[in-house]
Amino acid sequence: MTRVIGVLSGKGGVGKTTVTANMGASLAWDYGNNVVAIDANTTSSNLGLNLGAYRFPVTLNDVLKGKADVTDAIYAHPSGLKIIPSSTFNKDIDADPKKMKRVIDYLGEYVDYVLLDCPPTLSDETTSMIKAIDEAIVVTNPEWAALLEAKRTISFLKKKKKKVAGVIINKAEVEPEEVAKIKEALNAPILGVIPFDDAVTRSVDKKVPFIHVFGRTRPSRAFKRVMEEVTGQRFPNRGIIERIIGWFD
Amino acid sequence: MDFDSFLEEATRKVKKKKLKKRSLSSKKRKEELENILLDDECEAVPQTDSGRRVYG
Ligand SMILES: Nc1ncnc2c1ncn2[C@@H]1O[C@H](COP(=O)(O)OP(=O)(O)OP(=O)(O)O)[C@@H](O)[C@H]1O
Ligand SMILES: [Mg+2]
């Protein structure tokens, strides 16, 4: 059964692309799944950049414009993850996001996971992407504006009968009591809390997801726990020492 | 890389790939998609030194 998961937030800049890149690479490399990550930001794409590439001869925009077949827009990341990038050129902003569902139905048959790095806000583009997914992961930061937008996004998802797999609180140092309050306010499970850490931004320079290039840092240890929540399976090859350190994080 | 050279690189025109004729039967198309998704028969994103160290 393919899981089609949208990574959403409402507010921009909270960490959706970071989560998609790391989750996609980890599902493929660590868990050995067949995974496709799609950059669903057809007018401001940067998933490719997070995975070390930003110049693609054929993109999702070409597919949505009916100019190319989806098979022409799939690229392989060294982790085994497949990427469908969006265009970084203004001439391509007229792609029709409503065709997304068809693209996903076509891919779905062969893969275990499809991840959509969605745009912020609840624009037409975002709502078209929501139509194409089965479940959502909502990324937020522990600040009023981001939480308000996350709440609004979760309400929208529930109204559209989409499962909310859970919330990732990112760029955060939050005490357990505060996490409990956020959980109650958003009325959704919390998948994990990822600290603010420069290993995340440095990994973008290294062009490799932080969970792999800086695997022992705090954000990586936290993200491995998120992976366990999302997959319902223990993170493979996580040593005993790392587990013990994890108790004190 | 500094920002100017990054920008120049990122906004340089991408050479368009010649797209295959899509007169394939739906069975052939499915086979092609299967090869791409399950056997990596597609273009690879460039490997970096850090990437090589991590993924071999
Ligand atoms: N835990 C973290 N610690 C430090 N920096 C982070 C963390 N998470 C994300 N960032 C940085 O924050 C910035 C925004 O992250 P990202 O691009 O993933 O957000 P986004 O939600 O996808 O944004 P947009 O809404 O524009 O698509 C990036 O520079 C990223 O490297
Ligand atoms: Mg993004």
Side-chain angles (χ1 to χ4, degrees), chain A residues 2 25 28-29 34-36 46-59 62-63 66-85 87-92 106-112 114 202-203 205-215, chain B:
Chain A
T2 309
W29 181 254
N34 280 307
V35 191
V36 179
N46 43 50
L47 180 66
L49 200 57
N50 274 251
L51 292 165
Y54 40 87
R55 290 162 50 77
F56 298 96
V58 184
T59 63
D62 297 313
V63 178
K67 282 194 193 161
D69 194 89
V70 66
T71 45
D72 296 312
I74 304 175
Y75 302 82
H77 184 258
S79 63
L81 171 69
K82 305 294 180 309
I83 317 169
I84 302 184
S87 169
T88 50
F89 292 95
N90 285 347
K91 66 176 174 49
D92 293 323
Y106 188 54
L107 292 172
E109 230 176 289
Y110 299 100
V111 292
D112 304 306
V114 179
R202 283 189 294 125
S203 72
D205 290 335
K206 296 263 181 210
K207 304 189 169 84
V208 180
F210 67 80
I211 193 168
H212 291 149
V213 71
F214 298 125
Chain B
M1 206 191 321
D2 65 34
F3 184 63
D4 284 341
S5 38
F6 166 75
L7 203 61
E8 195 192 313
E9 165 72 10
T11 55
R12 194 156 40 87
K13 260 210 156 111
V14 187
K15 197 158 172 260
K16 279 280 159 202
K17 194 161 87 181
K18 246 208 146 68
L19 297 178
K20 280 185 220 137
K21 279 235 162 47
R22 290 291 159 198
S23 55
L24 297 174
S25 65
S26 68
K27 188 166 164 257
K28 273 263 156 58
R29 283 185 64 195
K30 282 199 163 201
E31 255 174 45
E32 194 184 348
L33 185 63
E34 206 175 302
N35 292 341
I36 288 174
L37 292 175
L38 308 184
D39 295 325
D40 278 5
E41 281 184 22
C42 57
E43 203 172 310
V45 303
Q47 177 73 288
T48 58
D49 287 345
S50 310
R52 217 164 280 121
R53 272 196 291 278
V54 173
Y55 302 117

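All figures in this text were calculated on a predicted structure; none of them were measured in a lab. Here is how names work: the chains are called A, B, and so on, in the same order as the sequence lines, proteins then strands, and each is numbered from 1.
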Item to check | Test side-chain contact (heavy atoms from CB on, under 4.5 Å) applied to A/Thr88 - qualifying residues, sequence neighbours left out | outcome: A/Ser45

Checklist entry - Within the side chain of A/Asn34, is there an N or O that forms a donor-acceptor pair under 3.5 Å with the backbone of A/Asp112? => result no

Can you tell which part of [X] gets under 4.5 Å to a heavy atom of chain B, answering side chain, backbone, both or neither?
| X | result |
| --- | --- |
| A/Phe89 | side chain |
| A/Ala25 | side chain |
| A/Val36 | side chain |
| A/Asp205 | neither |

Next on the checklist: Using heavy-atom distances under 4.5 Å, tell me whether B/Arg12 contacts chain A through its side chain, its backbone, both, or neither.
Outcome noted: both

Item to check | Best-contacting candidate, B/Ala44, B/Pro46, B/Ser50, against chain A by heavy atom pairs under 4.5 angstrom | outcome: B/Ser50

Next on the checklist: What's the separation between atom CG in A/Asp92 and atom OG1 in A/Thr59, rounded to the nearest 0.5 Å?
Outcome noted: 5.5 Å

Checklist entry - Would B/Asp49 and A/Lys206 pass as an ion pair if we require N to O under 4.0 Å? => result no

Next on the checklist: Run the ring pair (Phe, Tyr, Trp, His ring centres under 6.0 Å) test against B/Tyr55 and tell me which residues pass, sequence neighbours left out.
Outcome noted: A/Trp29, A/His77, A/His212

Next on the checklist: Before you tell me yes or no, could you show the steps for A/Leu107 and A/Ile74 under side chain to side chain contact (heavy atoms under 4.5 Å, CB included), namely the whole-Å CA-CA distance, both residues' side-chain angles and the distance that decides it to 0.1 Å?
Outcome noted: CA-CA 11 Å; A/Leu107 292 172; A/Ile74 304 175; 4.1 Å; yes

Next on the checklist: As an exercise: rank A/Ala53, A/Pro78, A/Gly48 by heavy-atom pairs under 4.5 Å with chain B and give me the winner.
Outcome noted: A/Pro78

